[in-house]
Peer 1: 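One structure, as structure tokens, below. Some questions next.
Just so we're clear, the structure is a prediction, and the values are computed from it rather than from any experiment. Position 1 is the first residue of the sequence, and the numbers go up from there.
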Amino acid sequence: QVQLRESGGGLVEVGGSLTLTCVTSGYSIANYGAAWFRQAPGKEREFVGGIKWSGDSTQYADSVKGRFTISRDNAKSTVTLQMNSLTPDDTAIYYCARDHQRRRSWITSESAAYLYWGQGTQVTVSS
């Protein structure tokens, strides 16, 4: 019954911003870490950033550090990715995912640790 669903993708100009929202259901978001991944055409899926189950720490890929921010709202069961200063290299399908391990004490960037995924939302940054 665990479900995740992303929204907020679209077309944006270079230097612009977008906010992606992941709505979760079927479990207590307060007990599991979550992450955002992205995949561009012909490329491997890559870790974008994650947030610890407790919400008090985050981790980001070097390529987005300082530009993207992950947050969560336990009352709304949502995880948000705020994306600023976008470049064409950010063009990809973005996915949110939930860590399989309950209350993991660190943030993992390994995709194999995330067994529940959303359907993805397209982000396109114009050149």
Side-chain angles (χ1 to χ4, degrees):
Q1 195 175 335
V2 174
Q3 294 187 116
L4 299 88
R5 184 165 297 171
E6 308 91 338
S7 63
L11 177 65
V12 64
E13 70 277 8
V14 172
S17 299
L18 281 176
T19 300
L20 306 183
T21 300
C22 176
V23 179
T24 72
S25 62
Y27 74 101
S28 176
I29 190 175
N31 289 326
Y32 292 89
W36 288 90
F37 290 79
R38 67 186 182 186
Q39 186 167 21
K43 296 188 176 181
E44 298 283 341
R45 180 176 55 191
E46 66 174 346
F47 176 80
V48 175
I51 185 166
K52 189 180 176 182
W53 69 269
S54 53
D56 59 355
S57 67
T58 55
Q59 183 180 110
Y60 302 93
D62 289 341
S63 59
V64 306
K65 191 176 300 182
R67 298 189 298 121
F68 291 10
T69 302
I70 294 175
S71 61
R72 65 193 297 166
D73 187 333
N74 289 350
K76 296 181 179 180
S77 297
T78 59
V79 181
T80 298
L81 180 66
Q82 176 64 51
M83 311 165 68
N84 299 324
S85 302
L86 288 163
T87 76
D89 287 341
D90 296 316
T91 295
I93 300 176
Y94 284 71
Y95 301 89
C96 63
R98 196 208 82 177
D99 194 340
H100 181 65
Q101 180 175 319
R102 185 175 183 271
R103 295 191 174 187
R104 190 190 298 272
S105 60
W106 66 91
I107 299 169
T108 178
S109 62
E110 296 292 334
S111 61
Y114 298 90
L115 299 185
Y116 299 95
W117 298 78
Q119 83 287 349
T121 185
Q122 176 72 49
V123 172
T124 302
V125 184
S126 62
S127 60

Peer 1: Which heavy atom of N74 sits nearest to which heavy atom of A30, and what is that distance?
Peer 2: ND2-CB, 3.7 Å
Peer 1: Evaluate the criterion side chain to side chain contact (heavy atoms under 4.5 Å, CB included) for residue pair I29 and V79; output intermediate values, then yes/no.
Peer 2: CA-CA 9 Å; I29 190 175; V79 181; 3.7 Å; yes
Peer 1: Give, for atom CD1 of I70 and atom SG of C96, the distance between the pair rounded to the nearest 0.5 Å.
Peer 2: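 Output value for this atom pair is 10.5 Å.
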Peer 1: Specify the closest pair of heavy atoms between Q119 and L4, including all atoms of both residues, with the distance to one decimal.
Peer 2: OE1-O, 3.9 Å
Peer 1: Should L115 and W53 be counted in the same cluster of Ile, Leu, Val, Met, Phe, Trp and Tyr side chains packed under 4.5 Å apart?
Peer 2: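 No, separate clusters.
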Peer 1: Side-chain heavy atoms under 4.5 Å apart, restricted to Ile/Leu/Val/Met/Phe/Trp/Tyr: what other residues fall into the cluster of I107, or is it alone?
Peer 2: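 F37, F47, I93, Y95, Y114, W117, all in the cluster of I107.
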Peer 1: Please name the pair of heavy atoms, one in P88 and one in V14, separated by the smallest distance, quoted to 0.1 Å.
Peer 2: CD-CG2, 3.8 Å
Peer 1: Hey, could you give me the CG/OG1 distance between L20 and T78, rounded to the nearest 0.5 Å?
Peer 2: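 Between atom CG of L20 and atom OG1 of T78 there are 12.5 Å.
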Peer 1: Which heavy atom of A40 sits nearest a heavy atom of A92, and at what distance?
Peer 2: N-CB, 3.8 Å
Peer 1: With rounding to the nearest 0.5 angstrom, report the CG to CZ distance, D99 to R104.
Peer 2: 4.0 Å
Peer 1: Side chain of Y94, backbone of G8: donor and acceptor closer than 3.5 Å?
Peer 2: no
Peer 1: Can a donor-acceptor pair be found between the side chains of T19 and Q82 at a distance below 3.5 Å?
Peer 2: yes
Peer 1: Output the distance between atom CD (Q3) and atom OH (Y116), rounded to the nearest 0.5 Å.
Peer 2: 11.5 Å
Peer 1: Does the pair E44 and S111 meet the rule for a side chain to side chain contact (heavy atoms under 4.5 Å, CB included), with working shown?
Peer 2: CA-CA 11 Å; E44 298 283 341; S111 61; over 6 Å; no
Peer 1: For the pair Q59 (side chain) and T108 (backbone), establish whether a donor and an acceptor sit closer than 3.5 Å, ignoring hydrogens and angles.
Peer 2: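 The answer is no, because no donor-acceptor pair under 3.5 Å joins these two groups.
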Peer 1: Considering only Ile, Leu, Val, Met, Phe, Trp and Tyr, and joining two whenever side-chain heavy atoms are under 4.5 Å apart, list the other residues clustered with V23.
Peer 2: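 Reading the cluster by chain and number, V23 sits alone, since nothing else belongs.
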Peer 1: For R5, look at atom CZ and say whether over 12 heavy atoms of other residues, nucleotides or ligands are found less than 6.0 Å away.
Peer 2: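 Open.
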Peer 1: If you compare all heavy atoms of G120 against all heavy atoms of E6, which two are closest, and at what distance to 0.1 Å?
Peer 2: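 Between these two residues, the closest heavy atoms are N-OE1, 2.7 Å.
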Peer 1: What distance separates L18 CG from M83 CE, expressed to the nearest 0.5 Å?
Peer 2: 6.5 Å
Peer 1: Give a yes-or-no answer on whether the side chains of N84 and R67 include a donor-acceptor pair shorter than 3.5 Å.
Peer 2: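 The answer is no; no qualifying pair exists.
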Peer 1: Tell me every residue that passes side-chain hydrogen bond (donor to acceptor under 3.5 Å, both in side chains) with S54, counting only those two or more places apart in sequence or in another chain.
Peer 2: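 Here the qualifying residues are D56.
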Peer 1: Going hydrophobic residue to hydrophobic residue with side-chain gaps under 4.5 angstrom, can you get from L11 over to V123?
Peer 2: no
Peer 1: Any chance you could measure W36, atom CH2, to F68, atom CZ, to the nearest 0.5 Å?
Peer 2: 11.0 Å
Peer 1: Are V125 and L81 joined in one hydrophobic group, where the rule is that I, L, V, M, F, W and Y side chains link up if heavy atoms are under 4.5 Å apart?
Peer 2: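 Shared cluster, yes.
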Peer 1: Checking the side chain of R72 only, and the main-chain atoms of K52 only, is there a donor and an acceptor separated by less than 3.5 Å?
Peer 2: yes
Peer 1: Looking only at heavy atoms, which two atoms of T69 and Y60 are closest? And how far apart?
Peer 2: CA-OH, 3.3 Å
Peer 1: Could you tell me whether the side chain of S71 reaches within less than 4.5 Å of the side chain of T80, counting heavy atoms only?
Peer 2: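 Yes, their side chains come closer than 4.5 Å.
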Peer 1: For T24 and S77, what are the C-alpha separation, side-chain angles and deciding distance, and is it a side chain to side chain contact (heavy atoms under 4.5 Å, CB included)?
Peer 2: CA-CA 6 Å; T24 72; S77 297; 3.5 Å; yes
